[in-house]
Amino acid sequence: MTTSVNPTTSTTGTTSSSTSNSAMQQLSGNMNTFLTLLTTQLQNQDPLSPMDSTQFTQQLVEYSQVEQQINTNTNLQSLISLQQSGAGAAAVGYLGKNVTVTNGNAALTNGTAEWNYSLGTTAATAALTVSNSSGQVVYSGTGATASGNNSFSWNGEDNNGNQLPDGTYTLAVSAVASDGSAVTSKVSSTGTVSEINLSGTTPQLMIGSMSVPLTQVSLVQNS
């Protein structure tokens, strides 16, 4: 298996930096225009009736406040960029690891997808449904009803026997006890991280074609 880090990097920091630079340039241009107008007015004012300087002073204060805000935003963006870089570096450590995902998703790869689900108590029936990335149910069937951990392996075929393309699929379990009450269930899947996608604001672990945020990983193991 070949492991790699997605070479695409996030453009969020670059975009925000460009925005801050543009705002600073615009502020500087407006300040220069203001000072030119102020100087001209002062040079041509009536010595016997000088202009009130309160308005000019207020505008200077407002320009100073805007400049401070732009600098604050720039500093915050720098901190965010450093945090994202640190998260990306930490995510690289997941390459080649087996991770357990708790959002119900699993990667269908080469016609095989596997899930684990746990039942709070023994169930009379357990209905399993598999949905594609659009939320459309593509397979339905029955599963094991034992209390505790159970497994389900899917061959990627819908109920009509059609082979579906590799991708991300979601398993839902609806279990019912013998008295008709609902049985609690939790679904998870395990896969090997082959890539780290750094193109967004947060790192994404890639298991086949499935993208997994770090917040949805419950267990990490060596392959």
Side-chain angles (χ1 to χ4, degrees), residues 1-6 8 10-12 91 94-221 223:
M1 176 191 69
T2 301
T3 58
S4 62
V5 178
N6 191 314
T8 307
S10 173
T11 59
T12 303
Y94 287 85
L95 280 171
K97 303 289 187 179
N98 287 335
V99 298
T100 299
V101 183
T102 57
N103 60 2
N105 291 346
L108 177 65
T109 304
N110 297 325
T112 301
E114 296 184 352
W115 287 271
N116 295 308
Y117 64 93
S118 62
L119 299 179
T121 60
T122 300
T125 61
L128 310 181
T129 56
V130 177
S131 303
N132 60 20
S133 58
S134 299
Q136 177 185 7
V137 175
V138 295
Y139 171 84
S140 60
T142 58
T145 58
S147 175
N149 293 326
N150 298 278
S151 61
F152 171 61
S153 180
W154 181 50
N155 61 6
E157 294 183 359
D158 63 17
N159 288 112
N160 295 320
N162 300 313
Q163 182 64 50
L164 300 178
D166 286 357
T168 301
Y169 292 85
T170 305
L171 175 67
V173 178
S174 178
V176 179
S178 57
D179 62 359
S181 61
V183 175
T184 59
S185 61
K186 295 182 179 179
V187 180
S188 64
S189 66
T190 300
T192 303
V193 178
S194 57
E195 296 182 23
I196 309 296
N197 188 341
L198 302 176
S199 62
T201 56
T202 58
Q204 299 287 312
L205 308 181
M206 301 301 299
I207 301 175
S209 59
M210 181 174 69
S211 179
V212 180
L214 293 176
T215 55
Q216 293 175 350
V217 173
S218 63
L219 180 66
V220 181
Q221 298 174 301
S223 299

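Owing to the predicted nature of the structure, the values given are computational and were not obtained by experimental measurement. We use all heavy atoms of the structure for the numbers below, so side chains are in, but hydrogens, waters and symmetry mates are not.
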Does some side-chain heavy atom of Asn132 sit less than 4.5 Å from a side-chain heavy atom of Leu164?
no
Output every pair passing ring pair (Phe, Tyr, Trp, His ring centres under 6.0 Å) with a member in residues 180-200, not counting sequence neighbours, ordered by first then second residue.
none
Determine whether Asn116 and Asn150 make a side-chain contact, defined as any pair of heavy atoms from C-beta on separated by less than 4.5 Å.
no
Value rounded to 0.5 Å, distance of CE in Met210 from OG in Ser133:
12.5 Å
Which residues share a side-chain hydrogen bond (donor to acceptor under 3.5 Å, both in side chains) with Asn98, sequence neighbours left out
Thr192
How would you list, by chain and number, every residue that makes a side-chain hydrogen bond (donor to acceptor under 3.5 Å, both in side chains) with Thr170, sequence neighbours excluded?
Asn105
Flag side-chain contact, heavy atom, 4.5 Å: Val101 against Thr190:
no
Restricting to side chain to side chain contact (heavy atoms under 4.5 Å, CB included), what partner residues turn up for Ser181, sequence neighbours left out?
Ala177, Asp179
Mind checking whether Val99 and Val212 have side chains closer than 4.5 Å, heavy atoms only?
no
Could you list the residues that satisfy side chain to side chain contact (heavy atoms under 4.5 Å, CB included) with Ser211, not counting sequence neighbours?
Gln204, Met206
Using side chain to side chain contact (heavy atoms under 4.5 Å, CB included), reason through Leu214 and Leu205 one step at a time and then give a plain yes or no.
CA-CA 7 Å; Leu214 293 176; Leu205 308 181; 3.7 Å; yes
Going by the rule side-chain hydrogen bond (donor to acceptor under 3.5 Å, both in side chains), which residues pair with Thr112 if we only count those two or more places apart in sequence or in a different chain?
none
Determine which pairs satisfy ring pair (Phe, Tyr, Trp, His ring centres under 6.0 Å) with at least one residue from residues 195-214, sequence neighbours left out, and list them in order.
none
Nearest 0.5 Å please: distance from the CG atom of Leu219 over to the OG atom of Ser188.
9.5 Å
Nearest 0.5 angstrom please: Asn103 CG to Leu171 CG, how far?
11.5 Å
Between Ser194 and Gly208 the two heavy atoms that sit nearest each other are OG-N, 3.9 Å
Rounded to the nearest 0.5 Å, how far apart are OG of Ser151 and CD of Glu114?
7.5 Å
What residues, two or more places apart in sequence or in another chain, satisfy side chain to side chain contact (heavy atoms under 4.5 Å, CB included) together with Ser218?
Thr100, Thr102
Atom pairs and distances, donor-acceptor, side-chain atoms in residues 138-149, under 3.5 Å, two or more places apart:
| residue | atom | partner | partner atom | Å |
| --- | --- | --- | --- | --- |
| Ser140 | OG | Asn159 | OD1 | 3.4 |
| Thr145 | OG1 | Ala123 | O | 3.4 |

Rounded to the nearest 0.5 Å, how far apart are CG of Leu95 and CD1 of Ile196?
4.5 Å
Distance-only, no hydrogens or angles: does the Asn197 side chain make a donor-acceptor pair with backbone N or O of Ser199 under 3.5 Å?
yes
Give me the atom names and distance for the closest heavy-atom approach of Ser185 to Val173.
OG-O, 3.3 Å
Selection residues 179-221 - residue pairs positive for ring pair (Phe, Tyr, Trp, His ring centres under 6.0 Å), sequence neighbours left out:
none
Leu128 and Trp115, any side-chain heavy atoms less than 4.5 Å apart
no
Partners passing side-chain hydrogen bond (donor to acceptor under 3.5 Å, both in side chains) against Thr184 (at least two apart in sequence or in another chain)
none
Scan residues 162-186 for pairs that pass ring pair (Phe, Tyr, Trp, His ring centres under 6.0 Å), counting only residues two or more places apart or in two chains.
Trp154-Tyr169
The reported gap from OG1 in Thr109 to CG in Asp166 (rounded to nearest 0.5 angstrom) is 5.5 Å
